[in-house]
Number of protein chains: 2
Amino acid sequence: MGARAIGIYSIFVISDNGVVLVLQRATHHTLRALGAALAGLELTAAEINALANLADGRVRSVSRLSAETGTRATTLTGVLDRLERRGYLTRRLDSADRRSFLLTLTEEGRLAAARVRAAVTDLERAALAGLSADQIAGYHAVVAALQEVC
Amino acid sequence: MGARAIGIYSIFVISDNGVVLVLQRATHHTLRALGAALAGLELTAAEINALANLADGRVRSVSRLSAETGTRATTLTGVLDRLERRGYLTRRLDSADRRSFLLTLTEEGRLAAARVRAAVTDLERAALAGLSADQIAGYHAVVAALQEVC
DNA sequence: TATTGTTATACTCTATAACTATA
DNA sequence: TATAGTTATAGAGTATAACAATA
């Protein structure tokens, strides 16, 4: 946020660095940090993202996970293939809608997901330590607003 | 942010959905929205990100752009190759440090970058319309904090 | 007819390491 | 010795379109 003098005019700009550009940058950095923190698990960014969302233990369809992660279903197919091959999750037909698969973490998958979750919350705790609840609420409001117009 | 009752205990969680997970999701969505808005230019996400940062017209080194976009230098090489082949930018040796290249947009590159910038600010304007300066400041504080610990 | 999820294809992104040239 | 940037390689992410099964 800021006002900048240009000649005799003063124009108001949304942000000196835009909310979108810093979003991309922060995403790149956090993905790399999480990958490093979880180096022992040999997970890619998309796998970490999927596991972090699955970590709550709730059973979901692929399309649901797709919406939560922001990853396309075509991409998720490959990600889920790898997680399934690794024994981290199972796909079983949803008897209520037999076009759909229900994703369930295995015991081993729950352990891995818990470690992912821990790494994520560690990072969040460290980052947000000095910030106020209002600032964090503002963050969520902006991100939600970006989501809505996309 | 929220408190959740688990049995007789009430635990405080940093966020119901974590700042990191929503960051990933929002990034996926904005990248897709920008790609669609700029469909005529046939640009990939990394190319859009690079052009959006170069749009201010400042001359930069590859490492500088790498820091700004959050993209690795090895990835940027390919991105810059394509932008250069397209006639959007030039690489020339920095006479002050002859290991380094200075990236400069061509006239055509400036036009493309301006369109990228416009798409980004359009999206930001639409998203941030109903939000307060404090909320946006909170967003920037959180993103900056994430950056610092990564 | 529309939706869920997979497959196929082609291209881009990413990590890692090795390399050249310069500092 | 360290740094800037490129190259090489292999694997992962992405868009698009086509497809089967189901709704």
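Residue numbers begin at 1 in each chain, while the letters A, B, ... track the order of the sequences.
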Which pair of heavy atoms, one from [X] and one from [Y], lies closest together, and at what distance?
| X | Y | value |
| --- | --- | --- |
| A:Q135 | B:A141 | NE2-CB, 3.5 Å |
| B:T106 | B:T90 | CG2-CG2, 4.0 Å |
| B:L31 | B:A45 | CD2-CB, 3.6 Å |

Look at [X] and [N] and indicate whether a side-chain polar atom (N or O) is within less than 4.0 Å of OP1 or OP2.
| X | N | result |
| --- | --- | --- |
| B:R91 | D:dG5 | no |
| B:H28 | D:dG13 | no |
| B:R99 | D:dA4 | no |
| B:T44 | C:dT12 | no |
| A:R72 | D:dA15 | yes |

Identify each atom pair where a protein N or O and an N or O of nucleotides 8-10 of chain C are less than 3.5 Å apart, giving names and distance.
none

Whole-Å gap separating [atom2] ([N]) and [atom1] ([X]):
| X | N | atom1 | atom2 | value |
| --- | --- | --- | --- | --- |
| A:L65 | C:dG5 | CG | P | 10 Å |
| B:R82 | C:dC11 | CZ | P | 12 Å |
| B:H29 | D:dA15 | NE2 | P | 11 Å |
| A:R92 | D:dA21 | CZ | P | 22 Å |
| B:L80 | C:dT12 | CG | P | 14 Å |
| B:L34 | D:dA15 | CG | C1' | 16 Å |
| B:N49 | C:dT14 | CG | P | 9 Å |
| A:I48 | C:dT14 | CD1 | P | 14 Å |

What's the closest nucleotide to the [X] side chain, out of [options]?
| X | options | answer |
| --- | --- | --- |
| B:R98 | D:dT7, D:dT22, C:dA23 | C:dA23 |
| A:A73 | D:dT7, D:dA12, C:dT6 | C:dT6 |
| B:T77 | D:dA4, C:dT4, D:dT7 | D:dT7 |
| B:T75 | C:dG5, C:dC13, D:dT7 | C:dC13 |
| A:S61 | C:dA23, D:dG5, C:dG5 | C:dG5 |

* **5' precedence on DNA chain C between A:R32 and A:F101 (nearest-nucleotide basis)** =>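 By nearest-heavy-atom nucleotide position, the 5'-most residue is A:F101.
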For A:E47 and for A:L93, find the nucleotide of DNA chain D with the closest heavy atom, then tell me which residue's nucleotide is more 5'.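 Comparing both residues, the 5'-ward one is A:E47.
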Do the side chains of [X] and [Y] get close enough for a salt bridge, i.e. N-O under 4.0 angstrom?
| X | Y | result |
| --- | --- | --- |
| A:D81 | A:R91 | yes |
| B:E68 | B:R60 | yes |
| B:D122 | B:R115 | no |

* Assign B:D94 to base, sugar-phosphate, or nothing according to its heavy-atom contacts below 4.0 angstrom with the strands shown. =>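 Answer is nothing: B:D94 stays at 4.0 Å or more from every strand.
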Spacing of B:D94 atom CG and B:F101 atom CZ [to the nearest 0.5 Å]
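Nearest 0.5 Å value for the CG-CZ distance: 10.5 Å.
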Self-check item: Non-neighbouring partners of B:E148 that pass side chain to side chain donor-acceptor pair (under 3.5 Å), sequence neighbours left out
Solution: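 B:E148 satisfies side chain to side chain donor-acceptor pair (under 3.5 Å) with no other residue.
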